[in-house]
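In what follows, chains are A, B, ... by sequence order, proteins preceding strands, each numbered from 1. Side chains are part of it too, since the values below use all heavy atoms of this structure and drop only hydrogens, waters and symmetry mates.
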Amino acid sequence: MKLAIDILEERISDVMASVAGREGCAAIVRPTTDAKFGDYQVNGIMSLAKELKTNPRKLAEQVVEKLDLSDICDKPEIAGPGFINLRLKTEYLTARLLEVNADAVRLGIEEISKPETVVVDFSGPNIAKQMHVGHLRSTIIGDCICRTLEFLGHKVIRQNHIGDWGTQFGMLIANIERRSHQALQGKTIGVIPVHLAEFEDFYREAKQLFDTDENFAERSRAAVVGLHSGDQAWIGRWRALVTQSEKHYQYLYQCLGVKLIHDDIRGESFYKDKLADIVKALQKDGLAEESDGAICVFSEGFKNKEGERLPLIVQKSDGAYLYATTDLAAIRYRVGELKADRIIYVTDARQSLHFEMVFAVARKAGWAKDNIDLVHVTFGSVLGENGKPLKTRSGENVKLKELLDEAVQRANAVVKEKNPELSEEEKEIIAKAVGIGAVKYADYSNNRTSDYVFNFDRMLAMDGNTAPYMQYAYARIKSIERKSESKDVNIETELAGVKELNLSEPAEVDLAKCLIRYGEAIEAAASDYRPNYLTSYLYELAQKFSVFYTNCPVLKAESDKRPTRLLLCDLTRRTIKHGLSKLLGIEVVEQM
RNA sequence: GCGCCCGUAGCUCAGUAGGAUAGAGCGUUGGUUUCCUAAACCAAAGGCCGCAGGUUCGAAUCCUGCCGGGCGUACCA
């Protein structure tokens with residue numbers, strides 16, 4: 001069924017159009033800013049009145065006169081300078097709740113009518129390096145966008161554009177070769193790093209050798225040449241490195257509950273054979289030209305420090321290709337092969353200019369026609385308490401794994417303190433869900449465009465808009481379920497027979513109204529790619545549930561009240577679970 | 001220099017086309033438990049929404065200028 005807000009928007013806009021005698025009127029229905037105004041307010045009358053140069057209250061009256069919303073709302077009220085205030089009818093609310101209740105899978109939320117093929121480019125870790133905190137946001141925000149668009153009915157194609165190609169691989173595979181020789185000489189040394197921490201040393205070792213050992217540097221350059229020319233020995237070493245290091249980020253995806261698999265990988269190496277053609281095509285179309293020895297595309301409106309035109313370099317003066325070239329090849333592939341209607345890039349804001357230029361070139365070259373949506377979803381940095389990008393004391397990037405481990409460890413300490421009687425195994429499961437959930441939720445609940453300060457204590461707090469608070473609300477409902485058995489209440493049979501509801505307490509009505517608005521939050525989150533709209537909604541829901549919980553006994557309620565309350569509990573539980581686990585990829589727990 | 005982002009309560013942050021008296025949480029102060037998890041709930045105090053102009057019935061939101069911060073700005077990604 002359609003969302004109330006969408007039905008209202010449509011009907012009121014139609015009436016406005018007929019009153020005004022013109023197309024394209026927007027009612028701009030929004031939740032009220034204050035409950036005393038009802039449930040929804042129409043904001044569009046006043047701006048329309050301005051355009052028509054008429055009195056807004058008079059216009060509102062004319063609209064209300066012709067408006068029939070009697071199946072949804074009480075009589076609309078005109079207020080202030082020209083608002084129309086709407087209050088949902090209890091019968092509508094009841095019917096809607098029962099509908100949501102009957103829909104176990106989608107909670108009464110419709111799929112969109114025009115599904116698109118959406119390619120989402122996110123995460124993109126570098127091979128042979130540990131994932132660090134800088135990869136967190138792209139990985140989880142991208143995942144949430146995928147999950148949300150998928151739920152709404154789009155065909156989502158995840159693309160993990162990993163950094164698995166480039167000159168730095170020369171020294172890495174040269175180091176594999178060097179280590180192999182040592183191993184053959186009987187030295188007990190791992191040839192390819194296996195554990196996460198070893199990658200760091202391995203990379204550092206290669207880098208140091210490259211900088212200090214001319215023979216090694218020479219060998220590294222030979223390795224690059226070998227790699228590019230398809231030498232099997234070098235390719236074998238490279239592939240071993242890629243395979244080994246992929247295992248590590250797959251492990252982290254699993255920890256984070258991020259849905260990215262091996263098949264989603266289309267790394268830089270995937271495009272390596274397509275790059276020459278990209279440059280050739282750009283030259284052939286006269287879009288690319290040589291400048292200072294590099295092949296460049298100059299687009300309108302891009303300037304450098306000196307105010308001169310700024311190029312998108314697609315081939316360096318030494319003949320090598322760059323990420324701009326790869327990104328162009330990727331657009332071509334995604335539009336041509338994957339049939340994308342929309343391509344979303346989830347990377348930090350610092351790459352804005354790069355994508356602006358890439359998009360401009362892709363448009364000019366005709367690889368992305370106007371009907372293809374190219375979207376750069378940016379986000380801010382994760383900061384430490386000092387307001388600078390989060391680093392370790394020694395100034396290194398904080399490893400993602402270490403960050404998550406600490407979160408789980410801290411969560412474990414809290415669980416131990418709050419609920420000591422749980423078994424070790426239960427505590428571990430809860431700590432993992434709470435710890436990881438806290439990190440993710442804290443990230444999601446911030447507006448993605450701003451930087452935020454990372455703080456374990458705050459994200460693990462039980463008060464406020466945090467994962468533990470949400471999980472706690474869920475656990476309380478599960479607890480009611482468990483208690484019901486000992487009180488001879490059979491929830492299933494009571495709910496199965498519910499045909500009518502008895503909403504009388506304010507806390508019940510508030511909760512009910514919140515429940516039927518889940519779809520609004522999802523729509524808002526999807527259209528702006530902003531997970532914080534989801535967390536805000538869920539938090540509001542959990543708060544309303546807490547108020548309901550303190551004011552309205554469920555199991556001890558009179559028989560005329562109990563089914564309604566059981567239903568409110570169950571719908572809240574299902575909505576929280578859906579939001580957290582299905583859309584945000586955060587685990588819920590049975591008890592805390 | 002130019003471009004993009006940001007500046008909202010003591011702190012951390014919301015604010016979904018320009019809408020009604022700017023909202024949360026933390027912290028502070030006070031209150032609630034023979035009752036389904038008090039990891040909860042209720043209440044109070046706390047704001048020239050960086051500054052100054054402008055646009056209009058109405059501005060945290062749009063425009064201009066300024067101040068302060070971050071990022072980017074030709075061969076890294």
Original post:
Which value, in whole Å, describes the distance between the P atoms of nucleotides B:rA43 and B:rG53?
Top reply: 38 Å

Original post:
What integer distance in Å separates A:D451:CG from B:rC71:P?
Top reply: 9 Å

**OP:** May I have the distance from A:L567 (atom CG) to B:rC36 (atom P), rounded to whole angstrom?
**Re:** 22 Å

Original post:
Could you state the CZ-C1' distance from A:F548 to B:rC36, rounded to the nearest angstrom?
Top reply: 10 Å

Subject >> P gap between B:rA17 and B:rC2, integer Å >> reply: 32 Å

**OP:** Could you check how far CG of A:N419 sits from P of B:rA38, rounded to whole Å?
**Re:** 12 Å

**OP:** Give A:K303 one of three labels, base, sugar-phosphate or nothing, depending on what nucleic acid heavy atoms sit under 4.0 Å from its own.
**Re:** sugar-phosphate

**OP:** Using only heavy-atom distances, determine whether the side chains of A:Y249 and A:H135 contain a donor-acceptor pair under 3.5 Å.
**Re:** no

Subject >> Strand partner of B:rA77, provided both Watson-Crick or wobble distances fall under 3.5 Å >> reply: none

Original post:
Below 4.0 angstrom from OP1 or OP2 of B:rG15, is there any side-chain N or O of A:N447?
Top reply: yes

Subject >> Span that lies between the P atom of B:rG58 and that of B:rG47, in whole angstrom >> reply: 26 Å

Original post:
Which value, in whole Å, describes the distance between the P atoms of nucleotides B:rA22 and B:rU61?
Top reply: 14 Å

Subject >> Length of the line joining A:M357:CE and B:rC2:P, which is rounded to integer Å >> reply: 19 Å

Original post:
Under the 3.5 Å rule, do the base of B:rA39 and the side chain of A:Y472 count as making a donor-acceptor pair?
Top reply: no

Original post:
Considering Watson-Crick and G-U wobble pairs with both distances under 3.5 Å, what does B:rC71 pair with?
Top reply: B:rG3

Original post:
A:I295 and side-chain contact (heavy atoms from CB on, under 4.5 Å): which partner among A:V314, A:T325, A:L282?
Top reply: A:V314

**OP:** Sticking with atom P, work out how far B:rG69 lies from B:rU56, rounded to a whole angstrom.
**Re:** 35 Å

Original post:
Hey, does the side chain of A:S450 come within less than 4.0 Å of B:rG7's phosphate (OP1/OP2), counting only N and O?
Top reply: no

**OP:** Go through B:rU37, B:rG25, B:rC42 for me and flag the one nearest to the A:V547 side chain.
**Re:** B:rC42

**OP:** Provide the Watson-Crick or G-U wobble partner of B:rG23, both distances under 3.5 Å; none if there is no partner.
**Re:** B:rC13

Original post:
For A:Y469 and B:rU37, is the shortest distance between a side-chain N/O and OP1 or OP2 below 4.0 Å?
Top reply: no

**OP:** Consider the side chain of A:Y549, meaning its heavy atoms from C-beta on, and name the nucleotide among B:rU56, B:rG19, B:rU37 that approaches it most closely.
**Re:** B:rU37

Subject >> Under-4.0 Å side-chain N/O to phosphate OP1/OP2 contact, A:R30 with B:rA17 >> reply: yes

Subject >> Base B:rG70 paired with A:K388 side chain (donor-acceptor, <3.5 Å) >> reply: no

**OP:** Could you tell me whether A:S47 contacts a base, only the sugar-phosphate backbone, or nothing, with contacts defined as non-hydrogen atoms closer than 4.0 Å?
**Re:** base

**OP:** Give a yes or no answer on whether the side chain of A:R448 reaches the backbone of A:T378 with a donor-acceptor pair at less than 3.5 Å.
**Re:** yes

Original post:
Is A:R448 near enough to B:rC5 that one of its side-chain N or O atoms lies under 4.0 angstrom from OP1 or OP2?
Top reply: no

Subject >> First of A:Y40 and A:T449 reached from the 5' end of RNA chain B, by closest nucleotide >> reply: A:T449

Original post:
Can A:N465 and A:Y441 be counted as having a side-chain donor-acceptor contact under 3.5 angstrom?
Top reply: yes

Original post:
For atom P, what is the distance between B:rA40 and B:rG72, given to the nearest Å?
Top reply: 40 Å

Original post:
Does A:N455 have a side-chain nitrogen or oxygen under 4.0 Å from the phosphate oxygens OP1 or OP2 of B:rC26?
Top reply: no

**OP:** Please report, rounded to the nearest Å, how far the P atom of B:rC11 is from the CZ atom of A:F454.
**Re:** 22 Å

**OP:** Classify the ring geometry between A:W238 and A:W165 as parallel (under 30°), tilted (30 to 60°) or perpendicular (over 60°).
**Re:** perpendicular

Subject >> Polar side-chain contact A:S291-B:rA74 base: donor and acceptor under 3.5 Å >> reply: yes

Original post:
Within the structure, does a side-chain N or O atom of A:R476 lie under 4.0 Å from either OP1 or OP2 of B:rA38?
Top reply: yes

**OP:** Take atom C1' in B:rU16 and the same atom in B:rG23, then report the distance between them in whole Å.
**Re:** 14 Å

**OP:** Report the distance from atom CE of A:M459 to atom C1' of B:rC13, rounded to the nearest whole Å.
**Re:** 13 Å

Subject >> Mutual orientation of the aromatic rings belonging to A:Y549 and A:F545 [parallel < 30°, tilted 30-60°, perpendicular > 60°] >> reply: tilted

Subject >> Sugar-phosphate only, base, or nothing, as touched by A:A461 at under 4.0 Å among non-hydrogen atoms >> reply: nothing

**OP:** Searching all strands shown, indicate the nucleotide that pairs with B:rA40 (Watson-Crick or G-U wobble; both distances under 3.5 Å).
**Re:** B:rU32

Original post:
When you measure from the side chain of A:S245 to the backbone N and O of A:A128, does any donor-acceptor pair fall under 3.5 Å?
Top reply: yes

Subject >> Whole-Å distance separating the CG atom of A:L460 from the P atom of B:rG25 >> reply: 19 Å

**OP:** Name the pairing partner of B:rC48, where a pair is Watson-Crick or G-U wobble with both distances under 3.5 Å, or state none.
**Re:** none

Subject >> Comparing A:A26 and A:Q591 on RNA chain B - which has the more 5′ nearest nucleotide >> reply: A:A26

Original post:
Reckon A:D348 touches a base, only the sugar-phosphate, or nothing at all at heavy-atom distances under 4.0 Å?
Top reply: nothing

Subject >> Under-3.5 Å donor-acceptor pair between A:N43 side chain and B:rA20 base >> reply: no

Original post:
Would you say B:rU37 has OP1 or OP2 under 4.0 Å from some side-chain N or O of A:K483?
Top reply: yes

Original post:
Cationic tip of A:K129 within the cone over A:Y203's six-membered ring, i.e. under 6.0 Å and within 45° of the normal?
Top reply: yes

Original post:
On a whole-Å scale, what distance lies between the P atoms belonging to B:rC62 and B:rA14?
Top reply: 16 Å

Original post:
Are the aromatic rings of A:F359 and A:H376 close, with centres under 6.0 Å apart?
Top reply: no

Original post:
Checking all strands, does A:V453 fall into the base, sugar-phosphate, or nothing category for heavy-atom contacts under 4.0 angstrom?
Top reply: sugar-phosphate

Original post:
Applying a 3.5 Å limit to both distances, which nucleotide forms a Watson-Crick or G-U wobble pair with B:rU55?
Top reply: none

